[in-house]
Asker: 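Below is a structure I'd like to ask you about.
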Number of protein chains: 2
Amino acid sequence: MARRPTIKDIARRAGVSESAVSFALNGRPGVSEQTRARIRRVTEELGWQPNSAARALSGERSGAVGLVLARPAHTLGVESFFLQLVSGIQEVLSAERIALLFQVVEDIEAECAVHRRWWAERRVDGVLVVDPRTNDPRPELLAGLGLPAVLIGGYGGEGDGEGGDGGGGEGPSVSRVWADDTRAMTEVLDHLHGLGHRRIVHIAGLPGLAHTARRVAALRAEAERLGLPAGQVRSVPTDYSDTEGAAATRRVLAEPEPPTALVYDNDVMAVAGSAVAAELGIPVPGGLSIVAWDDSALCRVTHPRLTALVRDTAGFGRLAAEELLAVLAGGPPRARESELPRLEPRESTSPPPAAY
Amino acid sequence: MARRPTIKDIARRAGVSESAVSFALNGRPGVSEQTRARIRRVTEELGWQPNSAARALSGERSGAVGLVLARPAHTLGVESFFLQLVSGIQEVLSAERIALLFQVVEDIEAECAVHRRWWAERRVDGVLVVDPRTNDPRPELLAGLGLPAVLIGGYGGEGDGEGGDGGGGEGPSVSRVWADDTRAMTEVLDHLHGLGHRRIVHIAGLPGLAHTARRVAALRAEAERLGLPAGQVRSVPTDYSDTEGAAATRRVLAEPEPPTALVYDNDVMAVAGSAVAAELGIPVPGGLSIVAWDDSALCRVTHPRLTALVRDTAGFGRLAAEELLAVLAGGPPRARESELPRLEPRESTSPPPAAY
DNA sequence: CAACGGGACTGAAGCGCTTAAGCAACACGC
DNA sequence: GCGTGTTGCTTAAGCGCTTCAGTCCCGTTG
């Protein structure tokens with residue numbers, strides 16, 4: 001086990017003081033180019049890397065950011081969304097040598113506790129917050145702690161919210177990156193309506209999540225605009241799991257006037273739903289059209305392949321990480337919109353059955 | 001933004017020295033029970049938490065462990081395995097207030113670089129290593145750095161390997177937790193053989209991974225024992241992706257004498273394969289039996305539901321985390337076996353078609 | 001009754017780094 | 001010749017914690 005060199009070792013070898021080394025390596029003025037070059041050479045030779053703890057202790061920066069995933073264990077795992085997001089986030093972070101602390105917890109209370117702890121322990125310089133909710137306690141908590149944060153998937157133009165901080169009323173009080181679910185949902189509905197569908201059910205995700213609320217609202221608004229009564233076009237809530245997705249599908253398909261098209265809030269439920277249709281002997285898309293929100297391998301492995309709303313999840317993660325870096329650098333809170341999800345038509349959508 | 005209290009604040013409020021506080025809070029002797037109680041009370045009041053950087057700097061422990069996932073981006077995401085594993089790991093770690101640093105990278109060289117960096121920066125006290133390979137460079141690297149590690153999914157009783165360290169030749173040179181893939185594969189094959197299948201193809205995962213090699217070897221050995229020629233029972237490699245899983249399925253089903261049963265090395269490929277069968281009009285299980293290695297929601301959402309090898313992945317994670325804690329506490333390297341994967345028969349397996 | 005032992009606590013150093021302040025050497029202008 | 005900068009470095013303090021070597025006081029003991 002090799003001993004790790006410190007700046008003291010570098011200083012000795014280069015014949016200068018420790019602070020000269022620190023200045024040189026951090027690109028600050030006060031060292032001649034010549035000396036700087038020599039110090040850098042010695043550093044290379046010794047393979048020195050800054051001790052993160054020492055840096056954190058003096059520099060007040062831990063060089064790490066945190067991300068908590070609050071999901072009940074049974075809904076974990078089958079979502080492609082998450083790892084893609086993380087991999088995008090890390091592309092940006094690791095270029096800046098920032099580490100990612102990751103924690104999985106059961107619920108949002110536990111998540112808040114983790115944030116408090118990280119803050120108190122000075123473990124992280126900032127956090128990324130996923131799955132924003134309606135009445136989300138987290139922005140307020142984080143603002144209170146002064147822990148820089150970026151909300152991933154928040155916003156819908158709903159204003160600066162929690163008040164106080166900003167003063168002016170201009171811009172959001174906490175940074176966010178978001179996708180325009182409202183417009184995406186509108187487009188999906190228009191697409192299905194254009195194909196001739198009039199009875200459409202949206203198998204929604206967890207009701208408490210902000211984007212679920214926005215999709216539900218968008219569906220209702222667009223249905224109204226198209227003159228479709230609420231009984232024919234509506235949303236039903238689930239917990240995102242395959243189980244509830246399948247159950248909801250079974251339920252609505254058993255109605256006297258079943259829908260001719262289903263829009264699922266994630267890929268897992270869409271696949272589960274298409275299996276239910278197969279089981280019931282309902283042909284897809286002949287007897288039922290299916291759209292999945294979020295694309296993944298899943299949508300491509302079913303038969304027929306599922307029409308899906310594709311988005312660049314890794315890109316979304318990159319955007320979020322960039323935004324967090326901007327906040328850490330002292331930038332003002334912003335809301336940045338990612339590109340609009342794109343509807344990728346595959347074999348699971350077609351005009352409704354003629355009988356209708 | 002509240003200022004975070006330090007032991008100095010506690011010391012002042014409790015009327016003792018900082019070192020008394022440190023002793024009291026760390027449960028060391030040298031403080032009376034009375035004083036200790038008082039210090040604890042003040043600590044509670046102030047809501048103090050140790051500054052992790054300061055602790056790391058003096059105590060030589062960072063209070064964090066690392067986990068790197070080296071996967072090309074396109075195979076990321078649809079695996080339930082991973083998040084389940086992490087959630088199990090964290091159940092154990094967070095009870096000990098140990099943070100998890102998580103990093104996703106493209107390949108194993110990048111992973112090694114991350115380990116080196118974490119070590120040099122003293123970011124982590126130890127690491128968890130997933131996806132062990134044949135000729136894996138990581139155990140040697142980590143042993144060289146003196147970075148405590150636990151291999152997840154390694155071993156098969158292949159001995160202590162890399163030599164040197166242990167001296168005695170007793171026990172492995174690095175800790176591992178493992179599942180007995182060999183026996184599991186044997187059981188799967190026996191099950192299929194018992195049903196009457198004689199032509200069986202194993203759609204394997206990445207050839208470089210140690211457990212793939214073990215499963216392949218186990219398949220061959222058991223086929224031999226059962227007197228089945230290598231042409232009839234064999235493995236074909238893939239990269240675990242749905243695409244290659246589907247392609248391999250298509251390929252073997254197009255052969256003049258196609259297999260009557262397929263064993264997939266993960267759930268995603270199994271689902272993709274069952275979609276290919278549907279597309280080709282081959283009934284499952286009537287015309288083709290399918291077994292998935294690793295269960296997840298996926299296996300339950302297809303129609304028919306897939307017979308799968310179930311294992312307690314979160315439990316596996318817990319075991320790994322516990323083992324890492326043991327290593328950090330100075331324990332000797334051990335190989336701990338997790339419970340044997342259990343074959344959960346569902347509707348995708350049956351006797352082969354009578355025609356055969 | 002002085003010497004001793006030990007429990008309870010304090011002081012100070014040190015982990016590896018950053019950074020404010022200090023200082024020597026030199027150039028410049030008047 | 002002397003102030004006034006500048007440049008290029010050093011010294012020292014400090015981040016919050018741990019830990020080791022003392023110190024002090026009190027009860028024992030020969």
Side-chain angles (χ1 to χ4, degrees), chain A residues 2-40 42-43 46-64 97 117-125, chain B residues 2-40 42-43 46-64 97 117-125:
Chain A
R3 202 183 67 85
R4 279 159 276 207
T6 72
I7 51 168
K8 193 179 244 160
D9 299 316
I10 301 176
R12 201 177 314 124
R13 287 264 288 244
V16 292
S17 72
E18 294 178 37
S19 32
V21 175
S22 179
F23 286 141
L25 295 178
N26 290 308
R28 305 160 141 266
V31 217
S32 67
E33 266 320 311
Q34 212 181 25
T35 315
R36 195 182 295 268
R38 181 156 38 95
I39 289 173
R40 268 207 264 265
V42 173
T43 303
L46 293 178
W48 177 89
Q49 297 280 67
N51 177 321
S52 59
R55 263 231 166 122
L57 194 54
S58 41
E60 299 288 284
R61 275 287 172 94
S62 72
R97 317 192 119 233
R117 185 147 60 82
W118 279 350
W119 171 80
E121 295 180 348
R122 282 182 178 70
R123 281 253 189 215
V124 298
D125 299 326
Chain B
R3 201 182 68 84
R4 278 159 274 206
T6 72
I7 50 168
K8 195 179 242 160
D9 299 315
I10 301 176
R12 203 177 311 126
R13 287 263 288 243
V16 293
S17 71
E18 294 178 38
S19 27
V21 175
S22 179
F23 286 141
L25 295 177
N26 290 309
R28 306 163 141 265
V31 221
S32 67
E33 266 319 312
Q34 211 181 24
T35 315
R36 195 182 294 268
R38 182 157 38 96
I39 289 174
R40 269 209 264 264
V42 172
T43 304
L46 293 178
W48 177 89
Q49 298 278 65
N51 176 322
S52 58
R55 264 233 166 122
L57 194 53
S58 41
E60 299 287 284
R61 275 287 171 94
S62 73
R97 315 193 121 233
R117 186 145 60 83
W118 279 348
W119 172 80
E121 296 180 347
R122 282 181 180 69
R123 281 248 191 220
V124 298
D125 299 326

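Because the structure is predicted, anything quoted here is derived from the model rather than measured. Note on naming: letters A, B, ... go to the chains in the order of the sequence lines (proteins, then strands), and numbering restarts at 1 for each one. Hydrogens, waters and symmetry mates are skipped; everything else that's a heavy atom, side chains included, is used.
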Asker: Measure the distance from CG on B:Asn51 to C1' on C:dC17 and round it to the nearest whole Å.
Answerer: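 In whole Å, C:dC17 C1' and B:Asn51 CG are 14 Å from each other.
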Asker: Taking atom CG of B:Leu25 and atom OG1 of B:Thr43, what is their separation to the nearest 0.5 Å?
Answerer: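 Output value for this atom pair is 4.5 Å.
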Asker: Let me confirm one number: the CG-CD distance from A:Asn51 to B:Glu121, rounded to the nearest 0.5 Å.
Answerer: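 Nearest 0.5 Å value for the CG-CD distance: 9.0 Å.
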Asker: In this structure, how many angstroms lie between the C1' atom of C:dA8 and the CD atom of B:Glu33, rounded?
Answerer: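 In whole Å, C:dA8 C1' and B:Glu33 CD are 12 Å from each other.
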Asker: Using atom CD of B:Glu18 as one end and atom C1' of C:dA8 as the other, report the distance to the nearest whole Å.
Answerer: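 Value for this atom pair: 18 Å.
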Asker: Regarding B:Pro29, tell me which of base, sugar-phosphate or nothing describes its non-hydrogen contacts under 4.0 Å with the strands shown.
Answerer: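 No contact.
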Asker: Quick check for you: name the first and last nucleotides of DNA chain D, 5' to 3', having an atom under 4.0 Å from a heavy atom of chain A.
Answerer: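 For DNA chain D, the relevant span reads D:dG8 to D:dG16.
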Asker: Just how far, in rounded Å, is C1' of C:dG14 from CZ of B:Arg55?
Answerer: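 Atom CZ in B:Arg55 sits about 17 Å away from atom C1' in C:dG14.
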Asker: Any chance you could lay out the side-chain contact (heavy atoms from CB on, under 4.5 Å) test for A:Arg38 and A:Thr35, step after step, and finish with the verdict?
Answerer: CA-CA 5 Å; A:Arg38 181 156 38 95; A:Thr35 315; 3.6 Å; yes
Asker: Check whether B:Arg36 reaches the backbone of B:Arg28 with its side chain - one donor and one acceptor, N or O, closer than 3.5 Å.
Answerer: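 Yes; judged by distance alone, with no hydrogens or angles, the pair exists.
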Asker: C:dC17 P sits how many Å from A:Asn26 CG, rounded?
Answerer: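 One finds 10 Å between P of C:dC17 and CG of A:Asn26, rounded.
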Asker: Taking only side-chain N and O atoms of A:Ser22, does any of them lie within less than 4.0 angstrom of OP1 or OP2 on C:dT18?
Answerer: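 Yes.
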Asker: Return the value, rounded to whole Å, for the distance between atom CZ of A:Arg28 and atom P of C:dC17.
Answerer: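 It works out to 15 Å between those atoms.
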Asker: Do B:Ser19 and C:dG11 have a side chain to base donor-acceptor pair shorter than 3.5 Å?
Answerer: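 Present.
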Asker: Within the structure shown, what part of the strands sits under 4.0 Å from B:Ser32 by heavy-atom distance: base, sugar-phosphate, or nothing?
Answerer: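 Sugar-phosphate contact only - B:Ser32 comes under 4.0 Å of backbone atoms but never of a base.
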Asker: In whole angstrom, what separates A:Phe23's CZ from C:dA21's P?
Answerer: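 Taking atom P of C:dA21 as the reference, CZ of A:Phe23 is at 12 Å.
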Asker: Any idea which heavy atoms bring A:Ile39 and A:Ala24 closest together, and the distance?
Answerer: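 Here A:Ile39 and A:Ala24 meet closest at CD1-CB, 3.7 Å.
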Asker: For the CZ atom of A:Arg12 and the CD atom of A:Glu18, what is their distance to the nearest 0.5 Å?
Answerer: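 So the CZ of A:Arg12 and the CD of A:Glu18 are separated by 9.0 Å.
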Asker: Check whether A:Ser62 reaches the backbone of A:Arg123 with its side chain - one donor and one acceptor, N or O, closer than 3.5 Å.
Answerer: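 Checked: pair present.
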Asker: By nearest heavy atom, map B:Gly15 and A:Pro5 onto DNA chain C; which one lands nearer the 5' end?
Answerer: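 So the residue in question is B:Gly15.
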